[in-house]
Protein chains: 2
Amino acid sequence: MAGDGKLEDDGHSVPGPGTAGKHPLDMGCLTEILGFHLRMANVAIFQDYQATMAGLSLTPKQFTVLELVGRNPGVVQIDIAELLSMDKATTMALVDRLEARNFLERRTSTIDRRRKDLFLTGEGQTVLQEARDLIAAHEKRFTSRFSAAELDAFIAQLRRIYLSGEGPHGDQEAGNLPERRTRPD
Amino acid sequence: MAGDGKLEDDGHSVPGPGTAGKHPLDMGCLTEILGFHLRMANVAIFQDYQATMAGLSLTPKQFTVLELVGRNPGVVQIDIAELLSMDKATTMALVDRLEARNFLERRTSTIDRRRKDLFLTGEGQTVLQEARDLIAAHEKRFTSRFSAAELDAFIAQLRRIYLSGEGPHGDQEAGNLPERRTRPD
DNA sequence: TATTGTTATACTCTATAACTATA
DNA sequence: TATAGTTATAGAGTATAACAATA
């Protein structure tokens with residue numbers, strides 16, 4: 001029903017997320033744009049996450065990296081970067097912050113001395129477990145809106161978006177992007 | 001199946017999104033965190049969006065604002081801010097950029113002279129329609145992975161995440177967040 | 001007194017490019 | 001020649017705080 005190619009007028013009107021539709025705006029084609037809904041959901045979850053994690057000061061991505069290093073001792077930056085679709089310099093900065101807070105450490109690999117194996121410190125392990133506990137409660141506030149089957153289907157659909165070989169678009173001949181855009185906001 | 005409260009070891013291992021699992025990492029509890037999958041999907045869509053919109057240099061949020069102003073001539077910043085869960089200063093900066101590119105203009109409201117009504121310029125209307133066309137093609141690369149029924153269900157689930165009164169968590173007694181975190185990354 | 005817009009400021013995230021060292 | 005990490009730099013996005021104009 002949604003999406004036969006063209007984005008045109010459909011006159012949908014949707015109340016805002018916060019107050020109960022004081023000034024309902026016509027959302028136009030936004031209602032049928034998957035990326036829009038995805039972004040709105042992301043923002044909503046982030047806000048609760050932020051309130052939940054205020055004491056720990058760990059961004060979602062920082063938590064992700066701690067969890068990855070915790071589960072995969074000795075993992076190197078380049079693999080984390082690839083998994084999370086980050087630039088290696090971005091990954092560097094991220095790891096720098098976690099290292100500065102003494103949550104993880106770099107050790108030069110004995111096998112390939114270009115590589116720095118990453119390990120959690122004791123403090124990192126502690127903060128990771130605290131974060132896991134807080135996030136579990138935070139998650140439950142959202143996942144409780146779904147049955148187990150619904151949640152599994154939901155996650156499967158999300159994975160269908162981001163697990164797809166090299167990405168969806170065909171040839172990528174453009175190569176160089178003329179202007180720089182930074183974040184998925 | 002996913003989520004009985006505690007986040008513990010489950011040993012799931014998932015290949016990275018790009019190359020076909022060269023270094024599969026143990027994702028630990030990440031596999032059952034809805035916010036993680038949401039973020040990964042968001043990043044994947046953003047990357048295709050970016051490649052698609054390289055020529056126009058419009059971020060998703062900029063496009064959203066243009067569409068809102070186009071559909072709701074005279075809408076004011078504060079309403080946009082509320083709908084998109086943005087700070088009013090952030091909204092200001094966003095509108096500034098669009099105004100500097102001559103895509104929209106501010107006119108002092110005749111009814112309430114504190115307010116500035118927003119309108120698309122001719123150029124803004126042109127660029128908006130170009131963006132709609134590009135985004136339609138971009139969207140199709142993702143939505144084509146789902147049947148119409150699946151897509152409707154998917155979007156309904158996303159809306160269930162972000163349309164929920166004041167947000168999910170109970171009392172919000174904390175009020176002031178001790179540290180600042182900025183973006184949902 | 002409350003609301004809307006505004007400015008100033010600062011900090012984080014991110015990417016680009018160039019560099020070092022290892023392989 | 002290619003890879004991993006690193007540094008320097010720059011730009012966008014965001015929020016906080018203060019302020020002005022108006023209601």
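Within every chain, numbering begins at 1; the chains are lettered A, B, ... in the order of the sequence lines, protein sequences first and strands thereafter. Only a predicted model underlies this, so the values are computations on that prediction, with no experimental measurement involved.
- Nucleotide D/dT6 holds its P atom 13 Å from the CZ atom of A/Arg115, rounded to whole Å.
- Toward the 5′ end of DNA chain C lies the nearest nucleotide of B/Val76, the other residue of the pair A/Asp112 and B/Val76 mapping further downstream.
- A residue-by-residue look at A/Met86 and A/Thr110 shows that A/Met86 has its nearest nucleotide of DNA chain C further toward the 5' end.
- Taking 4.0 angstrom as the limit, A/Thr90 places none of its side-chain polar atoms (N or O) nearer than this to OP1 or OP2 of C/dC13.
- Classified by interplanar angle (parallel below 30°, tilted 30° to 60°, perpendicular above 60°), the ring pair B/Phe46/B/Tyr49 is parallel.
- As a whole-Å value, the separation of B/Ile78 CD1 from C/dT3 P is 9 Å.
- Atom CG in B/Asp117 sits about 12 Å away from atom C1' in C/dT4, given to the nearest Å.
- Listed for the A/Asn72 side chain is a donor-acceptor partner under 3.5 Å among the backbone atoms of B/Asp26.
- Rounded to an integer number of Å, the gap from CE of A/Met92 to C1' of D/dT6 is 5 Å.
- Here the P atom of nucleotide D/dA12 and the CG atom of B/Leu58 are 14 Å apart, to the nearest Å.
- The side chain of B/Lys88 places no N or O atom within less than 4.0 Å of a non-bridging phosphate oxygen (OP1 or OP2) of D/dT16.
- Between B/Arg106 and the phosphate of C/dT6, there is a side-chain N or O to OP1/OP2 separation shorter than 4.0 Å.
- Between A/Arg160 and B/Glu150, at least one side-chain N (NZ, or NE/NH1/NH2) sits under 4.0 Å from a carboxylate O, which counts as a salt bridge.
- Nucleic acid contact for B/Asp87: base, since at least one base atom lies under 4.0 Å from a heavy atom of the residue.
- A close approach under 4.0 Å does occur between a side-chain nitrogen or oxygen of A/Gln77 and OP1 or OP2 of D/dT6.
- In this structure, the side-chain hydrogen bond (donor to acceptor under 3.5 Å, both in side chains) partners of A/Arg114, at least two apart in sequence or on a different chain, are A/Asp112.
- The shortest distance between the side-chain N/O atoms of A/Arg114 and the OP1/OP2 oxygens of D/dG5 is not below 4.0 Å.
- In this entry the distance linking CZ of A/Arg113 with P of D/dA2 reads 23 Å, nearest Å.
- The NZ atom of B/Lys61 sits 9 Å away from the P atom of D/dG13 (whole-angstrom rounding).
- When distances run from any side-chain atom of B/Arg97 to the nucleotides C/dA23, D/dA12, D/dA8, the shortest one goes to D/dA12.
- As a whole-Å value, the separation of B/Leu118 CG from C/dT6 C1' is 14 Å.
- For B/Glu67 and B/Arg132, the salt-bridge test passes: some basic side-chain N is under 4.0 Å from an acidic carboxylate O.
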